[in-house]
Amino acid sequence: MSKFSEIKKDFPIFERNINGNKLTYLDSGATSQKPNSVIDKMNDIYKFNNANVHRGTYVLSSETTQEYESVRNKLQSFLNASDSDEIIFTKGTTEALNFLANSIANKLMGEGDEIILSEIEHHANIIPWQMVAEKYKLNINYVKVNDDFSLDLDDLSSKLSSKTKVVSIVGESNLSGMLPDIKEINNLVRSNSDSLLIIDGAQLVPHRKVDVQDLGIDFLVFSGHKMLGPTGIGVVWGKKELLNSLDPVYGGGDMIEEVHYDKATWAPVPHKFEAGTPPYVEAIGLGAAVDYLGNLGMSEVEKHSDELREYGRKVLLDIDGVNVIHSEQDIAGCTFGMYVDGVHATDLSVMLDTHGVAVRAGHHCVQPFHRKLGIDATIRSTAYIYNDKEDIDTLKSAIISSVEMLR
Amino acid sequence: MSKFSEIKKDFPIFERNINGNKLTYLDSGATSQKPNSVIDKMNDIYKFNNANVHRGTYVLSSETTQEYESVRNKLQSFLNASDSDEIIFTKGTTEALNFLANSIANKLMGEGDEIILSEIEHHANIIPWQMVAEKYKLNINYVKVNDDFSLDLDDLSSKLSSKTKVVSIVGESNLSGMLPDIKEINNLVRSNSDSLLIIDGAQLVPHRKVDVQDLGIDFLVFSGHKMLGPTGIGVVWGKKELLNSLDPVYGGGDMIEEVHYDKATWAPVPHKFEAGTPPYVEAIGLGAAVDYLGNLGMSEVEKHSDELREYGRKVLLDIDGVNVIHSEQDIAGCTFGMYVDGVHATDLSVMLDTHGVAVRAGHHCVQPFHRKLGIDATIRSTAYIYNDKEDIDTLKSAIISSVEMLR
Amino acid sequence: MSIREKVDEYKKILDIFPNDQEKYQYLIEKAKENNSFPPELRLDNFKVNGCQSQVWLVPEEKNEKLFFNSDSDALISKGLVTLIASIYSDEKAEDIVTSEIDLMEEFELGVILSPARRNGAYSMLKTIKEYAKNLIA
Amino acid sequence: MSIREKVDEYKKILDIFPNDQEKYQYLIEKAKENNSFPPELRLDNFKVNGCQSQVWLVPEEKNEKLFFNSDSDALISKGLVTLIASIYSDEKAEDIVTSEIDLMEEFELGVILSPARRNGAYSMLKTIKEYAKNLIA
Ligand SMILES: Cc1ncc(COP(=O)(O)O)c(C=O)c1O
Ligand SMILES: Cc1ncc(COP(=O)(O)O)c(C=O)c1O
């Protein structure tokens with residue numbers, strides 16, 4: 001863990017004192033903390049370069065545009081995409097999935113066509129599809145989740161058909177840390193349908209090396225704020241020929257070729273999908289985050305995540321009276337949903353806060369799956385690069401003393 | 001101009017040296033520069049408070065949520081809205097108008113209904129309507145612009161009918177600085193139709209005091225980045241009963257009450273319109289911008305704008321060979337579109353850059369209106385609070401010397 | 001005791017505890033003492049919207065005064081709603097409506113009384129005031 | 001002269017000018033000297049996409065070499081495309097395709113050759129290389 005032992009120093013938030021304790025931040029599944037390099041980069045842009053992108057013919061605008069556009073190149077190599085035009089900026093995963101749902105349903109689907117999701121999807125990967133399903137009269141099927149929290153791939157196979165036009169699956173579960181076998185899913189989708197395959201990478205991309213060409217998928221979406229970047233920025237990666245074939249969903253400045261009073265024509269990708277002033281400072285901040293992760297090396301980030309997962313399994317699965325929702329597969333994320341019979345998740349998280357431990361309580365935007373499990377709410381611990389084994393120990397002892405008080 | 005004479009010191013960008021000159025930034029119509037207070041506020045949040053909003057039960061999340069939600073109150077009083085729930089955050093004006101177009105067309109309009117825009121609208125207030133018009137078979141009419149760049153209100157009256165469901169008009173033209181009489185428009189709309197009235201305040205809100213209740217309008221949209229705030233944040237203000245009656249357009253986390261595999265129910269306003277992790281740091285930055293403007297006082301900001309407009313009229317309307325697109329009404333913004341016969345706008349702006357003068361060249365996202373005027377492109381100068389008369393003088397002498405070289 | 005007096009009384013008690021943890025512990029004890037809520041009244045129309053846990057508030061009128069019976073499925077929320085209910089119970093509707101006490105400001109109760117908690121304690125108060133208002137109207 | 005030699009030649013000339021303004025002035029002069037473009041060739045299929053001004057590039061093959069005739073409605077763009085066209089004119093298609101010279105790096109031409117200008121000079125180059133590629137294929 002050498003590379004990671006000093007890492008908290010890069011993150012100013014860990015100077016904070018919380019209720020007399022040091023901060024044990026274990027809510028990175030909700031949002032990550034930011035290193036100085038990301039904060040400083042955005043600062044510098046605002047202080048010394050800021051100008052709106054693309055249309056300027058003066059120094060400031062040309063500098064900012066260059067910084068902004070170069071982030072596409074950074075993301076291209078981060079994801080091993082084949083073209084930087086395949087990177088589209090949105091304000092987050094949620095906007096990305098709304099865009100894809102609307103654009104695909106409008107262009108490539110018709111009444112009675114099917115969308116396949118899984119039972120464990122985040123609301124961001126359910127509701128946009130429900131909305132377009134209602135509008136365009138489409139059907140949604142949910143792939144079952146096994147008792148070990150893995151996806152039932154036989155169930156997926158049996159649901160795939162010539163009617164399936166979209167399969168959209170989480171790349172890493174934000175509750176159980178489950179990592180589906182994306183290549184296997186891709187094979188099943190290709191051999192049993194002509195469907196597109198979308199991966200919701202909101203939790204996956206921050207934690208693991210993703211090679212979009214190797215995976216063979218069609219679209220990947222993720223948020224900057226969960227991977228050391230700022231809020232207000234997200235990404236759609238898509239195969240260029242697919243992006244070319246889709247129509248924009250949002251209209252405005254900078255996405256057009258020509259506008260007449262009766263009609264408009266679109267700019268080439270990626271611009272046709274980026275209507276209006278983009279969150280260019282946020283994109284540049286995301287670029288700094290990608291640099292930071294690149295310097296660590298994503299394989300090191302994976303290794304660190306695996307170590308914390310193994311340690312979490314050893315320590316957390318063992319606490320008396322605590323039920324854990326966590327993938328039983330060999331490889332998974334370092335995310336643990338937990339609940340204690342007779343103790344409300346909100347009470348538990350409020351008590352944990354008095355120990356400086358920040359975890360989330362609630363349904364974590366996977367309400368249907370909580371309902372399936374027959375529980376209202378869980379607390380969730382997600383570790384990230386700045387966490388260490390001590391943090392897991394602190395969580396454990398805080399849980400034990402809190403549960404005692406709440407019983 | 002006392003309050004404004006020292007203002008450049010609050011804006012670090014003016015320390016920049018551009019091609020050996022000081023920076024004369026006259027492109028605030030595209031985006032504004034940011035004071036230290038705004039930059040520092042976002043810095044502090046990232047460094048010492050950052051956590052995702054709403055769902056946390058720990059100190060950081062509660063602090064950030066409080067900061068985020070308090071911006072709604074700031075905007076409520078900034079706009080004199082009657083309820084802070086009437087403030088909805090988007091990523092900018094463009095998203096705001098796309099949301100309104102889709103939500104209104106879906107809920108309140110039917111085949112053959114009419115939308116009224118004006119000939120001088122920004123693409124952001126044209127294309128979203130064209131897109132929904134095609135989808136829902138609606139018609140769009142454009143109010144004529146007079147030779148003095150004012151709106152032809154007789155034409156508006158004649159176009160209003162029981163079929164009109166939406167009138168969406170720019171609050172301040174980003175090309176000519178024209179300020180329509182919104183109260184008069186509101187009267188016409190109310191007495192000749194049951195239409196909703198939307199004001200595109202992207203240019204208006206940064207420059208002039210806006211009292212939504214006094215104006216009597218239904219919706220107002222604007223962007224943070226044009227009013228000293230960060231990129232990636234915008235606002236829809238809407239009357240609460242109207243917002244209650246509309247359905248969300250974007251689905252995801254945090255905008256729901258309950259999610260089932262087959263359907264979902266929505267949270268109350270404003271949350272039902274804010275799907276996913278909102279740009280909360282950007283919203284907080286916008287709050288700091290509103291504080292900054294509030295400290296100056298919007299009536300002082302208006303006065304400053306009026307002074308620069310009068311000076312601009314005196315100085316710029318007078319340059320030999322320069323044609324000016326600028327409202328001839330008494331009250332207008334300090335925005336001047338300009339073109340020189342035989343000199344390409346791009347050439348001119350590139351040459352101005354060598355003098356440190358930053359103006360925009362192009363169609364400024366009002367292509368149809370440029371086409372109507374029979375010109376391809378203009379340069380545009382927009383002054384803001386940090387500009388002074390000297391900047392206008394610099395612009396004038398730079399234009400004269402540049403045109404000489406380009407002839 | 002007036003609303004003001006009860007608030008001051010509780011403030012005194014809460015001030016004794018040196019940190020959030022012990023304050024919450026006090027609320028937990030209050031919650032455990034409150035076992036008078038009939039489970040059959042856990043009805044949707046008595047539910048306080050927008051709390052992170054389920055909270056119920058049932059008003060009752062006796063001798064021209066209002067009383068509130070309360071419950072929650074979470075302990076700390078239950079302690080909080082018990083405390084709030086006792087502050088506003090045995091009071092005249094007008095006194096409740098006109099009371100301008102800001103509990104968020106009066107009590108230092110960490111994240112559970114922070115103005116940031118979307119709706120929690122704020123919703124409890126709003127519900128109480130609405131009951132009182134309806135009674136007057 | 002090879003492409004490399006022509007680039008070096010232009011670099012030498014441009015280096016003489018102490019600032020952007022004089023460099024642009026040089027381009028403006030180049031533009032004014034270039035008056036050989038027949039207006040009837042200002043056709044859409046010769047247009048270079050993505051420039052802020054309208055730019056046209058017409059290829060011609062003579063003695064197994066490529067020549068480019070160019071025009072623009074803006075002066076500085078015209079100077080720039082004239083310069084680029086002259087660098088790649090009188091060259092074999094293969095030499096154009098294989099040339100890896102990065103003009104953005106070679107010339108310091110302020111905002112007009114910044115990599116940030118969405119497409120401008122970059123589009124001109126791409127168009128020239130595509131013509132050359134098509135000729136070989
Ligand atoms: C009048 C007007 N409307 C809308 C917009 C679009 O704003 P944004 O690009 O911030 O979404 C602009 C700014 O470009 C504008 O000037
Ligand atoms: C798996 C998953 N998908 C989607 C999202 C939504 O991301 P955002 O809120 O950044 O749009 C999240 C994060 O909450 C997530 O964990």
Side-chain angles (χ1 to χ4, degrees), chain A residues 12-13 16 18 27 30-31 33-34 39 43 46-48 50-52 55-60 91-94 98 122-124 126-128 130-131 142 223 225 230-232 250-253 256 259-261 263-264 275-277 279-282 346 349-350 353 358 360-362 365 367-368, chain B residues 12-13 16 18 27 30-31 33-34 39 43 46-48 50-52 55-60 91-92 94 98 122-124 126-128 130-131 142 223 225 230-232 250-253 256 258-261 263-264 275-277 279-282 346 349-350 353 358 360-362 365 367-368:
Chain A
I13 197 117
R16 270 292 299 261
I18 306 287
D27 195 19
T31 200
Q33 296 303 337
K34 323 301 173 200
I39 301 172
N43 247 344
Y46 278 130
K47 288 198 163 166
F48 304 118
N50 177 56
N52 209 331
R55 283 151 296 178
T57 42
Y58 53 85
V59 171
L60 295 182
K91 74 172 168 177
T93 303
T94 302
N98 277 280
H122 189 277
H123 295 167
I126 296 179
I127 303 180
Q130 288 181 343
M131 288 168 114
Y142 294 87
S223 295
H225 70 95
T231 53
Y250 314 116
I256 53 92
V259 182
H260 298 259
Y261 287 125
K263 64 170 194 299
T277 301
Y280 58 84
V281 180
E282 289 83 349
T346 308
S349 72
V350 167
D353 181 51
R360 185 132 301 212
C365 298
Q367 233 185 43
Chain B
I13 197 118
R16 272 289 304 260
I18 305 286
D27 195 17
T31 200
Q33 296 302 338
K34 322 301 172 198
I39 301 171
N43 247 344
Y46 278 130
K47 288 198 163 167
F48 304 117
N50 177 55
N52 210 330
R55 283 151 296 178
T57 42
Y58 53 85
V59 172
L60 296 183
K91 73 172 170 179
T94 302
N98 277 279
H122 189 277
H123 294 168
I126 297 179
I127 304 180
Q130 289 182 342
M131 289 169 113
Y142 294 86
S223 295
H225 70 95
T231 52
Y250 313 116
I256 53 92
E258 281 198 14
V259 182
H260 297 258
Y261 287 126
K263 65 171 193 302
T277 301
Y280 58 84
V281 180
E282 290 82 349
T346 309
S349 73
V350 167
D353 181 52
R360 186 130 302 211
C365 296
Q367 235 185 43

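Protein chains get the first letters and strands the later ones, always in sequence-line order, with residue 1 at the start of each.
- Put simply, of A/Asn98, A/Ile127, A/Thr94, A/Val259, the one with the most heavy-atom pairs under 4.5 Å next to chain B is A/Val259.
- Of the listed residues (B/Ala275, B/Gly92, B/Ala361, B/Ser223), the greatest number of heavy-atom pairs within a distance under 4.5 Å of chain A belongs to B/Ala275.
- In terms of heavy-atom pairs under 4.5 Å with chain A, the best-connected choice from B/Ile18, B/Val59, B/Val281 is B/Val59.
- For the atom pair CD1 (A/Ile39) and CD1 (B/Ile39), the distance works out to 14.0 Å, reported to the nearest 0.5 Å.
- Listed here is the closest heavy atom pair of B/Tyr280 and B/Asn50: OH-OD1, 2.7 Å.
- Both the backbone and the side chain of A/Ile13 come within less than 4.5 Å of a heavy atom of chain B.
- Looking at residues two or more places apart in sequence or on another chain, you find a side chain to side chain donor-acceptor pair (under 3.5 Å) between A/Thr277 and A/Asn52, B/His225.
- The contact between A/Tyr142 and chain B is made entirely by side chain atoms (from C-beta outward), counting heavy-atom distances below 4.5 Å.
- Of all heavy-atom pairs spanning B/Gln130 and A/His260, the tightest one is NE2-O, 2.9 Å.
- A/Lys34 is linked by a salt bridge (Lys or Arg N to Asp or Glu O under 4.0 Å) to nothing, counting only residues two or more places apart in sequence or in another chain.
- Interface summary for chain B: among A/His122, A/Gln33, A/Lys47, the most heavy-atom pairs under 4.5 angstrom belong to A/Lys47.
- Between A/Tyr58 and B/Asp27 there is a side-chain heavy-atom pair separated by less than 4.5 Å.
- Residues A/Glu282 and B/Thr231 have side chains that bring a donor and an acceptor to within less than 3.5 angstrom of each other.
- When each of A/Arg360, A/His123, A/Gln367 is checked for heavy-atom pairs under 4.5 Å with chain B, A/Arg360 comes out on top.
- For the options B/Ala124, B/Gly253, B/Ala358, B/Cys365, heavy-atom pairs under 4.5 Å to chain A are most numerous at B/Ala358.
- Heavy-atom pairs under 4.5 Å with chain A were tallied for B/Pro279, B/Gly362, B/Pro12; the largest tally goes to B/Pro12.
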